[in-house]
Amino acid sequence: MTSPPILSEPPRAASSSLSALERDSGCCRDLNWRCQLGPEIRPEALERRLVAAGYDSRCRHPALRVLRHPSGHELAWVLASGRVQIRIPLGVDVDHRPAAARRIHAALGELLSQASGPDQDPEVTTR
Amino acid sequence: MSDLKNLSRAVPGHDLKLLGSAPYVYHCHHFNLFHDQTVEDALGPEEAFEVRCRAARRASRHLLADAVRMAGAATPIERLQLAASIFRWMGQGDLELLAGADGGAARGNHLHYGFAWREKYGAKVRRKVPIDAFAAGYASAATEVAFDLEPGSLCGRETSCFACREPGCEFSITTGGEGDTTAPVDAAGVERRVGTPGAGIGEERIAAITQGLNDFLLGVGPDERGLVQGFGIYVTRHLSGYYDQTAYDTIHFIEQHAPQATAAVEGLFGESGHVCVFYTFGNLLLSPEWEGLVGPVRGEVEEVVTSCTAIARALGFGHWTISELVPGERLVLRTASNYEFPFYLERYGRSAKPRCYFFANAARAFMQLAHRVDWPAKPALTEDLYQNLFKQGLSWHTEETCCCARGDDHCEVVVTRRS
């Protein structure tokens, strides 16, 4: 009953603040993927970085953010738990969805790495 | 978009949704494909396309006439643009309406049925007949309304279909339709038939969750392709008159012409309730939105059943209440409103037997999800798991013991463990 194995290669965390990529439940094959943000991530700072990277905020519920990229994919993010669901657009061919998810996951990790690098956003703290 | 939001409202106290005065509900592609496949299995592909197209045209014409009046759309171009916007708002895809008063064409991109069919079955099955009957009926209704033509004067036919591995969806709209004088089942008809809303077990929790889901759904809109994603699920805001007419016309046909097959066809329309609860309710429960709005699902029976009842209300299925719940043994759901019986009574009159196939089987699926799914493990809700839960291990019996379509003052479904 648990989710099937994720990818043929071993899952890797994109940064210390982001867990490995896993398949998430969804209505279509390989459309939804999940990863976990570290507790040190400050929602406001990350949201600003995502918006600067082109994401559009589609839902700003106190407990939840849903952001959409111009390319069509979405990030749904539970603030309390740090769970992020990466949503691949339905138009992406099923065979290309895992690679698309990996690219988005890597880009998210890159954003987080920048945030914790030497020029870190003062609102993003690390443990 | 904001204008279309203004068209959407609820039947107070009954958790039914209206677009203008046309009732609508949320359903995902798994349900939509299963429902239409049942019509096709019962009637054959050609007759099924006609039945579905006719139901789509009738329900859509009613909606579009309302929308044109409410928006003050005066010219054919304004009306056709409005119709295309509504089609997108419904999550049905992108429909270019190119016909005039003497007919013409329409073209579809990312149409919900064709696109979803190819997504779900395209790798395994080669489809030979077009699937987008809803779009064909909608396109003919939109053209009729745009040019003030008589209802049923145009016919829509899909000449090229994405589901059949053709590059896109094309439709011809032709004159010579046989006309349609059947009155729509609208808000007034629904309000005439629904009873007094009740309360049941877990009411406070159910009402609070329903409110939260409804608030969230207000912000859900179509993407650039005219597809609607909410809770990580692709859904349609679909006219319930389409589901009702296609289901009941099909069942009545079978009752008249092949009565020995009636139970099987009723069983399949009931199974659409399993499909909906498993894929839509299940994925909604596992979504980040649910986790954010309500919290992660722990998997207790009462929690899952009350959650499912709230979801049913938020999706516009009616003010379902839990009358009894004994974990491991029994569930009794009641309602004085759903999207099935008001249509039946208005269109066909009183029935000799219960007619809420979806309600009765959704209740059974609640119990199956509550008892057989390991929610904390966050299972993937795959076709294999569906088959395992609903084809090999269905441990619940369901019976609609009271039905408003039969003259009762409420509908009641009793789900008990099979011995």
Side-chain angles (χ1 to χ4, degrees), chain A residues 1-6 19 22-37 43 47 55-98 101, chain B residues 28-31 91 93 109-110 112 115-116 118-120 122-123 212 215-221 223-225 227-235 278-280 282-296 372-385 388-389:
Chain A
M1 295 263 274
T2 53
S3 302
I6 314 312
S19 75
E22 298 180 39
R23 282 195 173 86
D24 207 353
S25 193
C27 65
C28 300
R29 199 173 125 203
D30 288 352
L31 275 192
N32 293 346
W33 298 76
R34 80 171 152 230
C35 52
Q36 191 74 29
L37 296 177
E47 189 178 9
Y55 284 86
D56 178 36
S57 182
R58 289 171 66 87
C59 167
R60 293 199 84 255
H61 186 276
L64 185 76
R65 297 287 185 274
V66 181
L67 298 112
R68 185 178 177 79
H69 193 265
S71 66
H73 71 262
E74 283 189 354
L75 303 178
W77 170 18
V78 184
L79 301 185
S81 66
R83 174 189 176 190
V84 173
Q85 184 174 76
I86 296 171
R87 294 171 175 166
I88 307 301
L90 190 54
V92 175
D93 186 85
V94 68
D95 294 334
H96 298 148
R97 290 173 189 168
Chain B
C28 81
H29 73 276
H30 294 285
F31 173 89
N109 286 307
H110 301 108
H112 172 79
F115 205 57
R118 195 145 143 184
E119 164 74 26
K120 185 164 182 174
D215 290 345
F216 184 83
L217 285 170
L218 285 176
V220 170
D223 65 18
E224 65 284 355
R225 299 157 301 175
L227 302 177
V228 171
Q229 190 184 66
F231 303 95
I233 306 160
Y234 281 93
V235 291
F278 177 78
Y279 286 109
T280 305
N283 278 308
L284 205 154
L285 288 168
L286 291 169
S287 69
E289 284 88 341
W290 184 273
E291 189 178 326
L293 299 174
V294 184
R372 294 280 311 278
V373 174
D374 181 5
W375 293 101
K378 298 183 171 56
L381 300 182
T382 60
E383 179 69 21
D384 285 347
L385 181 56
N388 179 267
L389 287 181

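Residue numbering restarts at 1 for every chain, and letters A, B, ... go by the order of the sequence lines.
- Atoms SG and CG, from A:C59 and B:L293 in turn, are 7.5 Å apart once rounded to the nearest 0.5 Å.
- In terms of heavy-atom pairs under 4.5 angstrom with chain B, the leader among A:Q85, A:R87, A:H61 is A:R87.
- Both the backbone and the side chain of A:P89 have a heavy atom closer than 4.5 Å to some heavy atom of chain B.
- Contacts between B:H29 and chain A at a heavy-atom distance below 4.5 Å involve the side chain alone, from C-beta outward.
- In this structure B:F231 satisfies the ring pair (Phe, Tyr, Trp, His ring centres under 6.0 Å) test together with B:F216, sequence neighbours excluded.
- Interface remark: of the candidates A:V94, A:L90, A:D93, A:N32, A:L90 forms the most heavy-atom pairs closer than 4.5 Å to chain B.
- A:R68 is linked by a side-chain hydrogen bond (donor to acceptor under 3.5 Å, both in side chains) to A:E74, B:E224, counting only residues two or more places apart in sequence or in another chain.
- Atom CZ of A:R58 has more than 12 heavy atoms from other residues, nucleotides or ligands within 6.0 Å.
- Smallest separation of non-hydrogen atoms from A:S25 and B:L381: OG-N, 3.3 Å.
- Heavy-atom distances place both the backbone and the side chain of A:C28 under 4.5 Å from chain B.
- Using a 4.5 Å cut-off between heavy atoms, B:Y234 touches chain A through backbone and side chain atoms alike.
- The structure places CD of B:E119 at 8.0 Å from SG of A:C27, a figure rounded to the nearest 0.5 Å.
- Proximity to chain B involves both the backbone and the side chain of A:A76, based on heavy atoms less than 4.5 angstrom apart.
- For B:L284, no part lies near chain A; criterion is any non-hydrogen pair under 4.5 Å.
- Residues A:G91 and B:R225 approach most closely at N-NH1, 3.2 Å, considering heavy atoms.
- The shortest side-chain heavy-atom distance between A:R83 and B:P296 does not fall under the 4.5 Å cut-off.
- The line from CG of A:L31 to CD1 of B:I233 is 11.5 Å long, rounded to the nearest 0.5 Å.
- If you measure heavy-atom distances from A:V84 to chain B, you find no contacts under 4.5 Å at all.
- When each of B:H30, B:E383, B:E289 is scored by its heavy-atom pairs under 4.5 Å with chain A, the top score falls to B:E289.
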